[in-house]
Amino acid sequence: MTYAPETIEPKWQRRWAERRTNEPDLDRAERPFYNLMMFPYPSAEGLHVGNFYAFTGADVFGRFMRLRGYTVFEPMGFDAFGIHSENYALKVGIHPGVLIPRNIQNFTRQLTALGGMFDWKHVLATTDPDYYRWTQWVFLQLYHAGKAYKKKAAVNWCPSCKTVLANEQVEAGVCERCKTPVEQRLLEQWFFKITDYAERLLANLDDKSKMDWSATTTTAQRNWLGRSTGAEIDFAVEGPDPIRVFTTRPDTIFGATFMVLAPEHPLVDRITTATQRSAVDAYRKAAAAQDVVSRKVGDKEKTGVFTGGHATNPATGRQIPIWIADYVLMEYGTGAIMAVPGHDERDFAFATRFGLDLVRVVAGPDETESTPLTEAAAEVEGSRLVNSGDFSGRTVADGTTAIVGWLESRGVGKGVVKFRLYDWCISRQRYWGPPIPIIYCGDCGPVPVPEKDLPVQLPELEDFRPDDSGVSPLARHKEWYHVACPKCGKEGRRETDVSDTFLDSAWYFLRYLSTDFADRPFDQTRVRKWFPVAQYIGGNEHAVLHLLYARFVTMVLHDLGLLPAEEPFRRFRAHGLIVKDGAKMSKSRGNVVVPDEYIAKWGADTLRMFLMFLGPFEEGGDFRDAGLIGPRRFLERLWDLVGQCERRTLTGEEIHRDIVVKWNATKKKVTHDLETLGYNTAIAAMMELLNAMRDSNCAERQIVKDLVVMVAPFAPHFAEECWERLGYPTSVFDAKWPIWDEALTIDHVVEIVVQVNGKTRSTVRSPRGAVQDAVLPRALADDTVKRFTEGREVRKVIFVKDRLINIVVG
RNA sequence: GCGAACGUGGCGAAACUGGCAGACGCGCAGGACUUAGGAUCCUGUCCCUCACGGGGUGCGGGUUCAACUCCCGCCGUUCGCACCA
């Protein structure tokens, strides 16, 4: 019988479904292991090989844990709302409500063909009213907790997608999806107060008991949160309120020779003098009209206008001019800065451009207070404050503390912590999303939709094209739009914004557990058993947004007493990226790998093994068609070995000692490598064992059986079939993961490298554990070694047990 | 500019806390078996050299008996962030 994946793969997929092999009893699981992977957006193109790579890597781990005796819950779902779906629907002229189910069906077919151990009983789609009903419920929980609010804000508007974008969806000033330059618009938006959680979101990143995450991912989150410590300092101006600035360098305050306010700063009006009025107004107008692109691009020339007003530097007591400039952003800090041109690049550029004063307040070890400044001087080792009154001579660190203390004692400043993180704008003026469950009433104001009235169904809308009004197309559906106020019964109108897809995905891992409950978002018993997620695998492109939002929503729900943990994902690993022949896969290059063809030609098991063998899972790999033959050959050889051992069974004593050692060492290595997602080396180790068996003509049943179990996570259909051929009636996934004898993982005899002056000259075989005195004479007796030691004095011998002996001669 | 990761044969890659660099796989070369081979099996395969030997992990230094691994300085690639005060 030859190995024919095209028949055995469908056979086992059918049998898994019939036997409900992959549907664990969620209520009775004794050793639950929640194995999560990022659910896909069901595109019309179908799953690409990158998805397969991620899912296979996650699935291998799930199957491995199952073989180790865990009850593994491995659900799958579809992230089907959002601009992506909607734009595509508009393009092809088919309603997303029609397209999405079609795509989901195709995805399901592909996922089945992949052979993942998905629990289809708990499948979900975010577009399903039974799902988004609870997404709306999540919104209401946040609303009631005071973490959702509406504000008018300058937001990013994509004129092509005709929608508001979150700051995170703007990349260097252009829309992340369509690359159109983004404009600024002022709209009422719903926000979540994620900034309230900044400190906790940051602190938990270092808490290994809560989060065991890829370092690259935590680093990205840390940067995104952007904590900086500094001070808020008040600069007195004429009139009641001083101008408050935020600075990370309060130590340089004696060098603050002017101030800059954001053009939008509320105090600008009051400060501006009559003579400067028209110039200021013109500049503010220009800045307001400007899109976010050029506003935030860093390396353009500085612009700005003098307001005519002055403020008092609280350290020097001097009057300093107040300017406005668009390089100061209203959203960050206080929207105003003290400019220290001597020690800040941007301020330096600005001061140079407009001829403003420069004062050196920090000097390096080779500099003095009067060393001229040709550029903004950075702090170096041994820098000290100069020209800073009583604080001159102090180190930067020391001076910072002292100056903040001094400002605090005088009531003009205080040490503060700021975050780069913004509140999460969840409003989308689009059609294809869950309506935000709020009703506006003339008398009662905004009223949350009562939970019993959920879901707020997304109405059927023939024409769902967004328009330029900035108002969602939902407003055009009059019967839906007009609704009675839940509080007073008078006529109200619905919120027409839908929520961001990131809200859908911020809690889906909770819903998986309880898709069989219609009356609650997640069952408390289930959650207590299965939450937090034991392992989450996904792409690092979601390192900040999705993962941060999921953490935030979890934290809020935890604080509301609804979840037993505040961090949702105990272990997170980011998989690498798959490229094709060294180049990124993209439609425009025409090098997108469609997995279906490969499954048809090679079988899913070979494809899975190949993908896992490409390179380290967390680093990705290069998909080259030529490589598939390797894993395929391995499977065929193992297949043949299974056939041979059906006929031949040797007893333990007959097995060559070398093979026994290799066998045990392989079990140990494969186990360890799987734990650390070292799939490529695990496969290599199995290949080595197989090669060793073939070389010594060994088809020992015990070893073959172990190999079949170890290969099962990678090639599940193949392993099932082999398991059956070996005569077992049950699923191989009900088998036990092989154990090994530690004493048999190492050989009695070792090869010790003999070096002379650090260069390898020979090797000697020696019993394991031999001491230097036993090895040295034999090493010196070696012919090759003799050639290099003869006539020279042995000065030193370095001996590393069981590994190496280095003879240093002079 | 800032931050992070990385750089090893023709190619994808291995190498535990510093201890034989190139496991495993692809490809390639030679051979066997075949009517045939783009199937299968065997042998070989870092570079130079007939050999002895020498050189070799992006480049230049350093530490060490010993460096892919540690330290310093460059170069390059990729990915984040980017006027964040």
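Protein chains get the first letters and strands the later ones, always in sequence-line order, with residue 1 at the start of each.
The ring-ring contact (aromatic ring centres under 6.0 Å, His included) search around A:Tyr3 returns A:Trp639, A:Phe718, not counting sequence neighbours. For A:Glu541, there are no side chain to side chain donor-acceptor pair (under 3.5 Å) partners at least two apart in sequence or on another chain. By the salt bridge (charged side-chain N to carboxylate O under 4.0 Å, His left out) test, A:Asp347 pairs with no residue at all, sequence neighbours left out. Every residue meeting the salt bridge (charged side-chain N to carboxylate O under 4.0 Å, His left out) condition with A:Arg244, not counting sequence neighbours, appears here in chain and number order: A:Glu232, A:Asp234. The ring-ring contact (aromatic ring centres under 6.0 Å, His included) search around A:Tyr679 returns A:Phe617, A:Phe714, not counting sequence neighbours. With sequence neighbours excluded, the residues satisfying ring-ring contact (aromatic ring centres under 6.0 Å, His included) with A:Phe354 are A:Trp323, A:Phe350. Take A:His542 and apply the ring-ring contact (aromatic ring centres under 6.0 Å, His included) test, not counting sequence neighbours, and it matches A:His546.
Comparing B:A85, B:C81, B:C42 by their nearest atom to the side chain of A:Arg694 picks out B:C42.
The salt bridge (Lys or Arg N to Asp or Glu O under 4.0 Å) pairs that include a residue from residues 799-810 of chain A are A:Arg768-A:Asp802, where partners are two or more places apart or lie in different chains. Here salt bridge (Lys or Arg N to Asp or Glu O under 4.0 Å) pairs that include residues 752-762 of chain A, with residues two or more places apart or in two chains, number zero.
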With the sugar-phosphate defined as primed atoms, P, OP1 and OP2, and the base as all remaining atoms, what B/S/- string results for nucleotides 4-13 of chain B, 5' to 3', for protein heavy atoms under 4.0 Å?
-------SBS
Scan nucleotides 60-67 of chain B nucleotide by nucleotide, 5' to 3', and note B when protein non-hydrogen atoms come under 4.0 Å of the base, S if they reach only the sugar-phosphate, - if neither.
-----B--
What are the atom names and distances for every N/O pair under 3.5 Å that joins the protein to nucleotides 26-31 of chain B?
residue, atom, partner, partner atom, Å
B:C26, OP1, A:Arg633, NH1, 2.5

